[in-house]
Amino acid sequence: MARPDELPNLLNDCVHCGFCLPTCPTYVLWGEEMDSPRGRIHLMRQHEEGAPLDDAMVQHFDACLGCMACVTACPSGVRYDRLIEVTRARVEAEHPRSRGERAVREAIFRLFPYPNRLRALRGPLRAYQRSGLPALVRRSGILERLSPTLAAMERLAPPSGKAPRLPERVSARGGRRATVGMLTGCVQREFFPGVNAATARVLALEGCDVLIPRHQGCCGALSLHSGRDEEARAFARRTVETFEGVDVIVVNSAGCGSAMKEYESLLADDSAWAARARALSEKTRDLAEYLVELGPRAERHPLPVTAAYHDACHLAHAQGVRSQPRALLTGIPELTVKEIADPDICCGSAGTYNLLQPDAAAELGDRKAANVAATGADLLVAANPGCSLQIAQALERHGAPLPVAHTAQVLDASLRGRPASTLLTL
């Protein structure tokens with residue numbers, strides 16, 4: 001994360017060439033200059049020169065997904081990711097939001113970064129989903145009238161089943177090649193427990209002892225990417241402490257991995273934590289990234305599936321992990337990988353974006369769903385829980401539901417010789 005005093009130099013890097021425009025989701029949607037990266041940089045410069053953070057200016061910053069596609073596209077190396085993080089922190093510190101906005105944001109950040117609170121929500125959510133009420137509530141439109149954010153949360157909520165806890169250690173199969181720590185996440189842990197279980201099994205089958213600290217908490221990704229700096233630093237320090245004893249940390253959620261690789265800059269000004277944070281950032285690996293580095297050992301059994309692979313923004317743009325998931329998937333006999341058109345355009349999930357900006361997120365979800373459906377694939381593969389929820393909901397809304405699996409789940413099915421049908425059940 002950039003320091004505020006770095007802002008002028010970072011702003012000066014932009015030469016307003018426009019290479020970012022076709023990669024920016026909001027510019028693609030609306031064609032508005034101030035909803036493009038260079039337009040927002042112009043607004044940042046105005047604020048740096050004394051213009052107040054009024055409602056109109058903040059609206060353009062809030063509309064940014066933070067997807068970082070512009071960072072990948074920029075030939076001048078503009079660090080828009082750092083610029084928007086500093087700007088969002090300033091917005092949170094300086095701009096008085098309405099009472100309703102404050103309440104919604106506070107509710108989100110009091111819930112999602114806390115796995116135990118999410119776990120407590122699962123029982124009531126399961127009862128609601130089985131009651132038949134969701135169809136009635138959606139037809140009535142009552143939640144839309146009360147709060148678009150609440151309506152988005154209701155629509156996006158995944159089916160809530162059992163979420164068994166993983167053991168603190170999963171032993172390597174067939175001789176140990178490495179020992180790794182594993183982040184279980186928040187939403188991933190409580191609503192996608194099958195992804196974590198598959199991740200642990202795949203690592204074990206590839207010869208890794210997997211250490212899963214029981215008392216780990218949120219990595220701080222949502223807070224970091226929303227301008228809540230102090231909150232992000234507190235989560236970061238706890239995560240550093242939790243994983244200090246392992247050589248490699250494997251992460252299966254794109255947003256979490258991206259945030260943990262940023263700890264070095266997030267805690268750079270904290271003399272007590274800077275070196276420890278740097279060490280954690282250096283040993284954090286996305287699951288696909290790590291498995292390719294490790295190299296395959298376990299036998300791959302055939303999976304006759306046609307899969308469309310979705311590039312999560314915080315994996316492709318923030319971490320530069322693109323080829324590794326494709327290499328793992330194409331290494332499975334009889335599995336065909338289909339590419340999705342406009343892969344660099346965000347699906348609209350973007351952390352809390354689909355909750356706080358539900359209309360724009362729905363437009364982007366519709367675009368992504370249409371491109372996924374056009375592949376004719378049997379299965380969508382994604383490596384971020386938010387993306388999985390967002391695209392699955394958009395596909396269902398358009399009457400083209402498709403099973404969604406994490407890369408770990410596809411590998412797990414192949415390594416264990418499971419039938420393709422285990423992945424293709426909606």
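For residues 273-282, the side chain to side chain donor-acceptor pair (under 3.5 Å) pairs, not counting sequence neighbours, are E244-R276. Among residue pairs with one or both ends in residues 212-224, those qualifying as salt bridge (charged side-chain N to carboxylate O under 4.0 Å, His left out) are E168-R214; sequence neighbours excluded. Within the structure, every pair that satisfies the side chain to side chain donor-acceptor pair (under 3.5 Å) test and touches residues 331-343, not counting sequence neighbours, is listed here: R326-E339.
A salt bridge between D35 and R40 is present, with a side-chain N of the basic residue lying under 4.0 Å from a carboxylate O of the acidic one. For the pair D270 and R233, the salt-bridge criterion is not met [side-chain N within less than 4.0 Å of a carboxylate O]. With respect to the salt-bridge test (charged N to carboxylate O, under 4.0 angstrom), the residues D62 and R97 qualify. Salt bridge absent: E363 and K368 never bring a charged side-chain N and a carboxylate O closer than 4.0 Å. A salt bridge links R228 and E106; the closest N-O separation between the charged side-chain nitrogens and carboxylate oxygens is under 4.0 Å. Salt-bridge formation is detected for the pair R322/D344: a Lys NZ or Arg NE/NH1/NH2 atom is positioned less than 4.0 Å from an Asp or Glu carboxylate oxygen. Ion pairing between D366 and R397 holds under the 4.0 Å rule for side-chain N and carboxylate O. A salt bridge is absent between E206 and R297: the closest approach of a Lys/Arg side-chain nitrogen to an acidic carboxylate oxygen does not fall below 4.0 angstrom.
Around CD of Q59, the count of heavy atoms belonging to other residues, nucleotides or ligands within 6.0 Å does not exceed 12. Residue E396 qualifies as open at atom CD: its count of foreign heavy atoms under 6.0 Å is 12 or below. In the displayed structure, L111 atom CG is contacted under 6.0 Å by more than 12 heavy atoms of other residues, nucleotides or ligands.
For T149 (side chain) and L355 (main-chain N/O), a donor-acceptor pair under 3.5 Å exists by modelled atom type. One N or O on the side chain of T375 and one on the backbone of V372 form a donor-acceptor pair closer than 3.5 Å. Between the N196 side chain and the T184 main chain, a donor and an acceptor come within less than 3.5 Å of each other. A side-chain donor-acceptor contact under 3.5 Å links N371 to the backbone of A341.
The structure places CD of Q390 at 5.5 Å from OG of S349, a figure rounded to the nearest 0.5 Å.
With contacts defined as side-chain heavy-atom distances shorter than 4.5 Å, the pair D55/H95 qualifies. L53 is listed as a side-chain neighbour of H47, based on a closest heavy-atom distance under 4.5 Å.
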